[in-house]
2 protein chains.
Amino acid sequence: MSRQAPTLEDVAREAGVSRATVSRVVNGVRNVDPAIQEQVQRAIERTGYAPNRAARSLVTRRAETIALVVSGAGSGPQETQEAFAARVFADPFFGRVVAGVVGFLRPRSMHPVLMFAESADDRHEVLTYLRQGRADGALVVSTHADDPLPTLLAAAKLPTVLFARPTPPVPLSYVDLDHRDGGRLAALALLERGCRRPATVTGPLAVSASQERLAGFRDTMARGGHPYVPLAEGGFTLDSGVFAMTQLLAEHPDVDGVFAANDLMAQGVCQLLRERGMRVPDDVAVIGFDDSGVARSCRPPLTTVRQPVERMAAEMARLLDQHIRGERTNPTSVVFDPELVVRETT
Amino acid sequence: MSRQAPTLEDVAREAGVSRATVSRVVNGVRNVDPAIQEQVQRAIERTGYAPNRAARSLVTRRAETIALVVSGAGSGPQETQEAFAARVFADPFFGRVVAGVVGFLRPRSMHPVLMFAESADDRHEVLTYLRQGRADGALVVSTHADDPLPTLLAAAKLPTVLFARPTPPVPLSYVDLDHRDGGRLAALALLERGCRRPATVTGPLAVSASQERLAGFRDTMARGGHPYVPLAEGGFTLDSGVFAMTQLLAEHPDVDGVFAANDLMAQGVCQLLRERGMRVPDDVAVIGFDDSGVARSCRPPLTTVRQPVERMAAEMARLLDQHIRGERTNPTSVVFDPELVVRETT
DNA sequence: TTGAAAGCGCTAACAA
DNA sequence: TTGTTAGCGCTTTCAA
């Protein structure tokens, strides 16, 4: 085999100083003579030294790593993790979460460990991973309301930040969006455009974000003179949007405005409408939610309620970092405001 | 603070044996009396012991972690890593890579560290990460042909497996698809359908996969009586597909069959065609490449050439694992075969 | 089959 | 400001 990787010892010998001194310059601790600093720096370059992380972690008790967990709520192995992962990334939402997290981590030379937790075994795996000190904390994005992971993490006192407020409450920090206000913005947009027969395709109603978006939408519609709004429940996928719209149309063929609880479903709604020969937005106005990539690539481009996922994810990482360093001990929450983005479907 | 996490020592004391014995049962080494094994097992449960990974890694010299690197070819910080990450995940391709990798890693209780390398700094970061022993090897997916990362990795003798054959050659294992054959399948499908005026929207021609797909397509078209096939270069994005098709139509308004080098561009082609009032497949047949999620959600569903990305990614992980364990020392390559998936655009 | 003991490479008191 | 030294928690010879 090739020779061993150089250690602190090697650098120290090369520079003619002690290991402690080399450690100090490596870690940028002050109180080191500039001349010696220079000397050590050169020795590091000559030897091609790279500090062994395991050794450092062993003493600092920090992995300088965080886990990014996408968590479902399955209890058995009904679905392989591979299938779950594939399904998850089909929604542009998760790519945005990754982008936001990476945006925060990158300047700190940190990189996330990606984990998918869909079964009880997976959840146990996440717990173990953290308890072994392989990661200092977890960022979790749940796809279901009754995800047991947050509770487990909180009970184990592991630093954690959630995307979205947990239901039931768990003493963990989280980042969220004012979904109700998002629903309100969507309703206002449809009302302003003069819609007379609005309808909505909701997200899974077990998810509180779906509930909130719906509540905000309904309340505002009620004030606008539409006490009853037909509704069909979707599953945040394109197909479910198509299906939900099919149902809606069956009972209310004269719908002239639809609020879909995410862009993917809104895209499905547009597809179906078009297949049925109805024009968007001339016959039916459509408004989505998220402002993900599909909103722009949809034909026509989608009017939608923007959720600043990247910023939210970066904020999650920032909060987790504070928890890990002990700069923050109590759970906190940060709620972002949605924003209407008008394109061509309204 | 809460009390320290239990160590081997604690378990040993609790079980009335030595640390060495506990270590043996934890690592499933044979030669341990079943009775004692049982005894230790219980002590582990009672104490809630979880082995400290840093300590273990320090002696085994294994992080039991691999890096999944998405690598561009930028040289400066023209684009933030966040923007790069967002762009990358806009293509369903990467989600499938993640899914495939996770599918292999999961049964081994391993999880990938996600890294994006778009600038020289990023690449240095990847090298350092591996040299520090934070990950045992890297899986790299390059988005550009002239990505310098593989060469750097090879020079540093770091275990690495690439997605796609590197150009110029680098002594590293890789997994690839027979792109030329994929182009052939696409041509055959169009020919069989009776297309008389075929055209193609290629991927970035700097990428060898694009070149190969094009070559296979052209050769087969030539044999089928179409020595010249109009072409427009795209960038693997939906927008570029729309743009390329616009160009094609401008010069060849009578096109009746289009092969787009990936599904995203094929979707763009379909959108434009529809906007121009041309029916798919009645007026123009369209065929994509990849068989990613968009192929199914596209209206009409896309006929496409399937690239088994998940299986390919899993194979990458398997090869890397072998390299890391020293079970394989020389670079190897595994080439998968494409497959035609007929849906409704031909 | 089990235990004693020597490190793995690093940081952080504590001394000098 | 620098060096000495004692571990961090684990695996792994080597003896018993």
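Order of the sequence lines sets the chain letters (A, B, ...), proteins ahead of strands, with each chain counted from 1. Remember, predicted model here, so these are calculated numbers, not experimental data.
Protein atom CG of B/Asn31 is 15 Å distant from nucleotide atom C1' of D/dA16, rounded to whole Å. A straight line from CG of A/Leu58 to P of D/dA6 spans 17 Å, rounded to a whole angstrom. With rounding to whole Å, A/Asn27 atom CG is found 10 Å from C/dC10 atom P. If you take CD of A/Gln132 and C1' of D/dC10, they are 12 Å apart, rounded to a whole angstrom. In this structure, CG of B/Leu8 is placed 14 Å from C1' of C/dG3, rounded to the nearest angstrom. B/Arg56 has its CZ atom 16 Å from the C1' atom of D/dC8, to the nearest Å. Spacing between atom CD of B/Gln37 and atom P of C/dT2 amounts to 9 Å, rounded to whole angstrom units. Per the geometry, CZ belonging to B/Arg13 stands 13 Å off C1' belonging to D/dG9, to the nearest Å.
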Within the sub-3.5 Å range, which N or O atoms of nucleotides 5-7 of chain C have a protein N or O partner, and how far apart are they?
residue: C/dA6; atom: N6; partner: B/Arg19; partner atom: NH2; Å: 3.2

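When the side-chain nitrogen and oxygen atoms of B/Thr21 are compared with OP1 and OP2 of C/dG3, one or more of them lie within a distance under 4.0 Å. Under 4.0 angstrom from either OP1 or OP2 of C/dT11 there lies at least one side-chain N or O belonging to A/Ser23. Look at B/Ser18 and you'll find a side-chain N or O under 4.0 angstrom from OP1 or OP2 of C/dG3.
With hydrogens and angles ignored, the 3.5 Å screen pairs a side-chain donor or acceptor of A/Arg134 with a backbone N or O of B/Ala63.
Within the cation-pi definition used here (under 6.0 Å to the ring centroid, within 45° of the axis), B/Arg108 qualifies as a partner of B/Phe104. B/Tyr129 does not carry B/Arg131 over the face of its six-membered ring by the limits of under 6.0 Å from the centre and within 45° of the normal.
Contact of B/Arg24 with C/dG3 (side chain to base): a donor-acceptor pair of N or O atoms is detected under 3.5 Å.
The side-chain heavy atoms of A/Phe336 and A/Val175, taken from C-beta on, include a pair separated by under 4.5 Å. Counting heavy atoms from C-beta outward, B/Val161 and B/Leu172 have side chains that stay 4.5 Å or more apart.
Within a 6.0 Å sphere centred on CZ of A/Arg328, other residues, nucleotides and ligands contribute more than 12 heavy atoms.
Using a 4.0 Å cut-off between charged side-chain N and carboxylate O, A/Asp136 and A/Arg61 make no salt bridge. Residues B/Asp321 and B/Arg318 are not paired through a salt bridge, judged by the lack of any N-O separation under 4.0 Å between the basic side chain and the carboxylate. Of the charged side-chain nitrogens involved, none lies within less than 4.0 Å of a carboxylate oxygen, so that A/Glu315 and A/Arg311 do not count as a salt-bridged pair.
Considering only the side chain of A/Asp33, D/dT2 comes nearest among D/dT2, C/dG3, D/dG9.
For residues 47-55 of chain A, proximity to DNA chain C is found at A/Tyr49, A/Pro51, A/Asn52, A/Ala55, defined as any non-hydrogen atom under 4.0 angstrom from a strand atom.
Contacts of A/Val17 with the nucleic acid, taken as non-hydrogen atoms under 4.0 Å apart, involve only primed sugar atoms and P, OP1 or OP2.
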